Structure formats: structure tokens, C-alpha cells
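Counting starts at 1 for both ligands and their atoms, following the listed order. Only a predicted model underlies this, so the values are computations on that prediction, with no experimental measurement involved.
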Amino acid sequence: MEKIAVLGAGSWGTALAMVLIDNGHEVRLWTHNQNHAEQINQTHSNEEYLPGIHLPASLTAYHDLSKAVEGVNAIVFVVPTKAIREVCQKLNGVLQDKVTIIHGTKGIEPDTLKRVSEMIEEELRGDLYHDVVVLSGPSHAEEVSQKHPTTITASSNSIDEAEKAQDLFINENFRVYTSPDMVGVELGGALKNIIALGAGISDGLGYGDNAKAALMTRGLAEIARLGASMGANPLTFIGLSGVGDLIVTCTSVHSRNWRAGNLLGKGNDLDEVLEQMGMVVEGVRTTRAAYQFAENKNIDMPITTGLYRILFEGAKPKDVVDQLMTRMRRHEMEDLSTILSNRYSS
Ligand SMILES: NC(=O)C1=CN([C@@H]2O[C@H](COP(=O)(O)OP(=O)(O)OC[C@H]3O[C@@H](n4cnc5c(N)ncnc54)[C@H](OP(=O)(O)O)[C@@H]3O)[C@@H](O)[C@H]2O)C=CC1
Ligand SMILES: O=C(CO)COP(=O)(O)O
């Protein structure tokens, strides 16, 4: 049995904490909101973020970060991307011993264009942790908390750390694979949220399955193009953390990104949508980051650019779809064959 602190008591943090409890670990679930910690401990539920799910009595929520991390062997970050740096800074003041660091957060930081593991490495004191591990794949909290079969990938620059995370989480309902391609696994999880916003918009506009399949497939081409330019192995994008997560996020009503896109497609503006959602919609900030990266590096990202124009420049979703459909004609596999030949000829 290991002692583990899960930082972030939203839907994903709570579901991951439940998996760890099922595996016999002692788990402390930390939230920055004192009332929320009290509510979880009193009711053994997290009605705000995971309604209708009964939490194990042994799952204890903490508001005091120093108590939550005292004596732990591992820390799992599951706060939104925008909170990663702040939580690392708080940890620097309270963490005593070296721990395994795992994160389940899916995003890229605008302006710096950093992945979550890079943000952690920049902020957390180097003597406090081993190589960071990312856990990413098709895994809605709502289904994981009901023990529905789920598969996911643990990736790290250190295979030992990835396997440590695999050991902590794997069970008969939650199958964990490992991958050495940390860049690809993190980018797949972050960038699919952009495409899921687009899929929601398409459904909200009343378009059908053809349009959604097109968005997912051409979206995957964009993800692979951007990912390869950031150093990912393009083959990672046909794995669980790539196409797997793209499918689950673009086709499920559980997805916060799909739901936010759906409201946008129905004519709501971004502020109204985010207000209504009440949960983190990572794709919004990641669209800004990916758009900035594509602009800087001159990478062709038509879907991401269209999303950026809808989210931040007030473009009408229907006009953006029309523009995407009337772009200059081209060869379908143009970029994929270039990516692969660049990779394997060098
Ligand atoms: N939900 C899912 O199924 C999955 C989510 N993810 C990823 O996990 C991450 C978290 O998502 P999810 O759990 O859905 O998000 P939620 O919106 O459900 O919860 C976010 C949690 O983070 C807390 N939080 C917000 N800001 C801060 C802060 N500055 N310091 C500390 N805590 C903070 C919130 O607290 P409060 O509201 O009290 O401020 C809340 O408890 C995201 O990156 C998401 O992409 C990955 C896989 C699956
Ligand atoms: O990443 C997820 C499932 O794998 C959850 O996606 P959403 O944040 O869109 O709900």
C-alpha cells in the first residue's frame, strides 16, 4: 500500500482517487476550497463534480496541503492547466521528501506554449521529485467512477517512473499501458480538446455524422502535424492518447469540451457557455496556445485557426465551416507522408 495525494477534487481527481482506493492505497484528495473538503467528508460524495457517485468512506478530502502531502510516496496533479504553476509553488513550501509525480491534466499553456510536465519541471524544486509521469487516454471520469472498462497510457522520460504509475493505477477495470513518448502523449490529450470543441459546434449547428467524422480525421492530421513539429512520434497519435481520446471526447455527452462546443454551435457566446459549464473546458486555452504555436512556426492548422476565430474573434461557426469546406483543394495524405518521410529518413 502506498500513500498518495491527489491534488484537485474535480471530476477527474475524484475518479482517479477512487481507482487508487480500489487498489488498496491510502488516498488524500486535496481541494483548495475548504467547504468542498468538508462537504466531501460529510456526504461521501462530490455532487458538484461527480453527481450521483458514492465515494468510498476511506477517501478523505483535505484542505490543508501540508497535511495532504505529509509522508506520501506519490502525488497526482489533476488541477486545470491554469492552476499547475500555482499548486507547484505551494508544494515547494510544504513537501519534505522526494516523491513520484504523476499528472492527469490535459492542456498547453498559452504564450509559453509549455506542456504540463514542462510547467511542473519549471516550478517544482528539482530535489522533490523523480521524472514526471503523464496519465492520458480515453477516460471520462463519469465512466471510470462506475468502474466501466477503461484503458489509458502512462508516459515518462523514465520507464521506471512510468511503470511505477502503471503499478499504482492498473486493475481489472482500469488497464494502464506505458509509452516512452511523453511529448506525444501529452500533446494528444491536450490537442484533442480543440477538435472536440469543433465536433460539439458541428453537432450544435445540426450537421451530421459525416461532418463529425471529417473533423475528427482532419483534426487528427492537424494534431499529428503540430505534434511532430514539437518532437512527438507521429505513431503515438494513433494510440490511446491520440485517436482513442479524440474519439471519446468528440462523441460523448460526458465531454465538457464537446458540450461547450455544442452550446457555441447553438448560438451562445463563449462567456455564456463557460458560465453555464461550471467545469473546466481546457480546449479554450489550448486553442489559443496551439494557434500561437502554428502562427509562430508557420504550420497549417485550418481547424484550429477556425476555432480560434470563433472563440476569440467573434466569427460565426457556420461561416467558419463554409470557409473550411471551400479551401484550396489538396492531396489527403500530403502532410502525413511528409511527416513520416522526414522522421524515418533522418
Ligand atoms: N473530467 C474528466 O473526465 C477528465 C479530465 N481530465 C483533465 O483533468 C483536469 C481537471 O479536469 P476536471 O477534473 O474535469 O475539472 P473540474 O472542472 O471537474 O474540476 C477542477 C478542480 O480543480 C480545482 N481548481 C481550480 N482552480 C484551482 C486552483 N487554482 N488551485 C487548486 N485547485 C483548483 C477546482 O476547484 P474549485 O472549483 O473549487 O475552484 C476543481 O476542484 C483537466 O486538465 C482535464 O482536461 C483528464 C481526463 C478526464
Ligand atoms: O479528456 C477527457 C476524456 O478522456 C475528458 O474530456 P473533457 O474535458 O472534454 O470532458
Side-chain angles (χ1 to χ4, degrees), residues 5-19 29-40 46-51 53 61-63 65 68 76-91 102-109 115-117 119-120 134-146 148 150-153 169 174 185-186 188-200 240-263 273-274 277-287:
V6 175
L7 310 184
S11 47
W12 193 220
T14 308
L16 285 179
M18 291 173 75
V19 174
L29 182 61
W30 174 78
T31 160
H32 67 156
N33 177 330
Q34 183 157 9
N35 290 337
H36 194 204
E38 285 166 8
Q39 180 259 316
I40 291 172
N46 186 351
E47 282 309 311
E48 192 176 348
Y49 289 110
L50 210 48
I53 299 295
Y62 287 70
H63 172 246
L65 186 62
V76 187
F77 279 79
V78 208
V79 291
T81 310
K82 67 175 165 46
I84 290 283
R85 288 187 190 276
E86 177 192 326
V87 173
C88 286
Q89 286 157 12
K90 286 183 180 158
L91 267 181
I102 302 164
H103 85 80
T105 301
K106 293 176 176 170
I108 303 175
E109 188 174 49
R115 291 174 283 112
V116 172
S117 64
M119 293 160 64
I120 295 173
V134 54
L135 201 59
S136 187
S139 50
H140 285 307
E142 293 77 0
E143 297 183 8
V144 170
S145 63
Q146 294 180 69
H148 290 183
T150 298
T151 51
I152 201 159
T153 303
F169 281 97
F174 197 79
V185 171
E186 283 190 295
L191 296 171
K192 59 81 187 174
N193 286 332
I194 303 173
I195 309 303
L197 279 168
L240 292 171
S241 58
V243 74
D245 211 357
L246 184 71
I247 293 170
V248 91
T249 318
C250 289
T251 62
S252 171
V253 289
H254 292 313
S255 165
R256 284 137 276 262
N257 288 283
W258 179 87
R259 278 190 275 144
N262 195 247
L263 291 169
V273 170
L274 295 180
M277 291 296 303
M279 291 185 191
V280 64
V281 182
E282 289 276 20
V284 174
R285 289 176 93 241
T286 300
T287 300

Asker: Any nitrogen or oxygen of Gly10, side chain or backbone, less than 3.5 Å from one on ligand 1?
Answerer: yes
Asker: Could you tell me whether Pro80 and ligand 1 have an N or O pair separated by under 3.5 Å?
Answerer: no
Asker: Below a 4.0 angstrom heavy-atom separation, can you tell me which part of Glu86, side chain or backbone, both or neither, approaches ligand 1?
Answerer: side chain
Asker: Which atoms of ligand 2 are found less than 4.0 Å from any heavy atom of Ser139?
Answerer: 3 (C), 4 (O)
Asker: Are Ile102 and Leu16 packed together at the side-chain level, in the sense that at least one heavy-atom pair is separated by less than 4.5 angstrom?
Answerer: no
Asker: Out of Asn257, Asp245, Val281, Thr105, whose heavy atom is nearest to atom 8 (O) of ligand 2?
Answerer: Asn257
Asker: Taking 4.0 angstrom as the limit and counting only heavy atoms of Lys106, give me the atoms of ligand 2 inside it, by number and element.
Answerer: 1 (O), 2 (C), 3 (C), 4 (O)
Asker: Counting from 1, what ligand 1 atoms have a heavy atom of Asn33 closer than 4.0 Å?
Answerer: 38 (O)
Asker: Which one holds for His32 and ligand 1: side chain close, backbone close, both close, or neither close, with close meaning a heavy atom under 4.0 Å?
Answerer: side chain
Asker: For ligand 1, find out whether one of its N or O atoms is nearer than 3.5 Å to an N or O atom of Asn193.
Answerer: no
Asker: Find out whether Val76 and Phe169 are in side-chain contact, i.e. whether some heavy atom of one side chain is under 4.5 Å from a heavy atom of the other.
Answerer: yes
Asker: If you have a sec, work out which protein heavy atom is nearest atom 37 (O) of ligand 1 and how many Å separate them, to one decimal?
Answerer: Tyr49 OH, 2.2 Å
Asker: Step by step, work out the side-chain hydrogen bond (donor to acceptor under 3.5 Å, both in side chains) result for Thr150 and Glu143.
Answerer: CA-CA 8 Å; Thr150 298; Glu143 297 183 8; 5.6 Å; no
Asker: In ligand 1, which numbered atoms sit nearer than 4.0 Å to a non-hydrogen atom of Trp30?
Answerer: 31 (C)
Asker: Heavy atom of Thr31 under 4.0 Å from ligand 1?
Answerer: no
Asker: Under 3.5 Å, is there a donor-acceptor pair between the Asn46 and Thr14 side chains?
Answerer: yes
Asker: Considering the heavy atoms of Gly104, write down every atom of ligand 1 situated less than 4.0 Å from one of them.
Answerer: 6 (N), 7 (C), 8 (O), 46 (C)
Asker: Check each atom of ligand 1 against the heavy atoms of Val79 and keep those under 4.0 Å away; list them by number with element.
Answerer: 31 (C), 32 (N)
Asker: Counting only heavy atoms, tell me which of His140, Lys192, Arg256, Glu282 gets closest to atom 1 (O) of ligand 2.
Answerer: Lys192
Asker: Just distances here: any N/O of Met279 and N/O of ligand 1 closer than 3.5 Å?
Answerer: no
Asker: For the side chain of Lys106 and the backbone of Gly283, is there at least one donor-acceptor N/O pair under 3.5 Å apart?
Answerer: no
Asker: Does ligand 2 have an atom that lies less than 4.0 angstrom from a heavy atom of Ala196?
Answerer: no
Asker: Short list, please: which atoms of ligand 1 are under 4.0 Å from a heavy atom of Thr105?
Answerer: 43 (O)
Asker: Kindly determine whether Thr286 and Asn193 satisfy side-chain hydrogen bond (donor to acceptor under 3.5 Å, both in side chains), including the steps that lead there.
Answerer: CA-CA 8 Å; Thr286 300; Asn193 286 332; 5.5 Å; no
Asker: Show the atoms of ligand 2 that are less than 4.0 angstrom away from any heavy atom in Thr249.
Answerer: 6 (O), 9 (O)
Asker: Measure the shortest side-chain to side-chain distance between Ile152 and Leu240 over non-hydrogen atoms and say whether it is less than 4.5 angstrom.
Answerer: no
Asker: Do any nitrogen or oxygen atoms of Arg256 lie less than 3.5 angstrom from nitrogen or oxygen atoms of ligand 1?
Answerer: yes
Asker: Kindly say whether Gly137 contributes a backbone atom to a donor-acceptor pair with the side chain of Ser139 at under 3.5 angstrom?
Answerer: yes
Asker: Looking only at atom types and distance, does a side-chain atom of His103 sit under 3.5 Å from a main-chain N or O of Thr105, one as donor and one as acceptor?
Answerer: yes
Asker: Is there side-chain contact between Ile53 and Met18, with heavy atoms separated by less than 4.5 Å?
Answerer: yes
Asker: Check each atom of ligand 1 against the heavy atoms of His140 and keep those under 4.0 Å away; list them by number with element.
Answerer: 3 (O)
Asker: Could you find the nearest protein heavy atom to atom 6 (N) of ligand 1 and give me its residue, atom name and distance?
Answerer: Trp12 CD1, 3.4 Å
Asker: Is there a donor-acceptor pair under 3.5 Å between the side chain of Arg285 and the backbone N or O of Ile108?
Answerer: no
Asker: Would you say Glu48 and ligand 1 have an N/O pair spaced under 3.5 Å apart?
Answerer: no
Asker: Hey, which atoms in ligand 1 end up nearer than 4.0 Å to a heavy atom of Glu282?
Answerer: 42 (C), 43 (O), 45 (O)
Asker: Tell me, please: is Ser136 in heavy-atom contact with ligand 2, that is, under 4.0 Å?
Answerer: no
Asker: Using distance alone, determine whether Glu142 and ligand 1 share an N or O pair under 3.5 Å.
Answerer: no
Asker: Any N or O on Lys90 sitting closer than 3.5 Å to an N or O of ligand 1?
Answerer: no
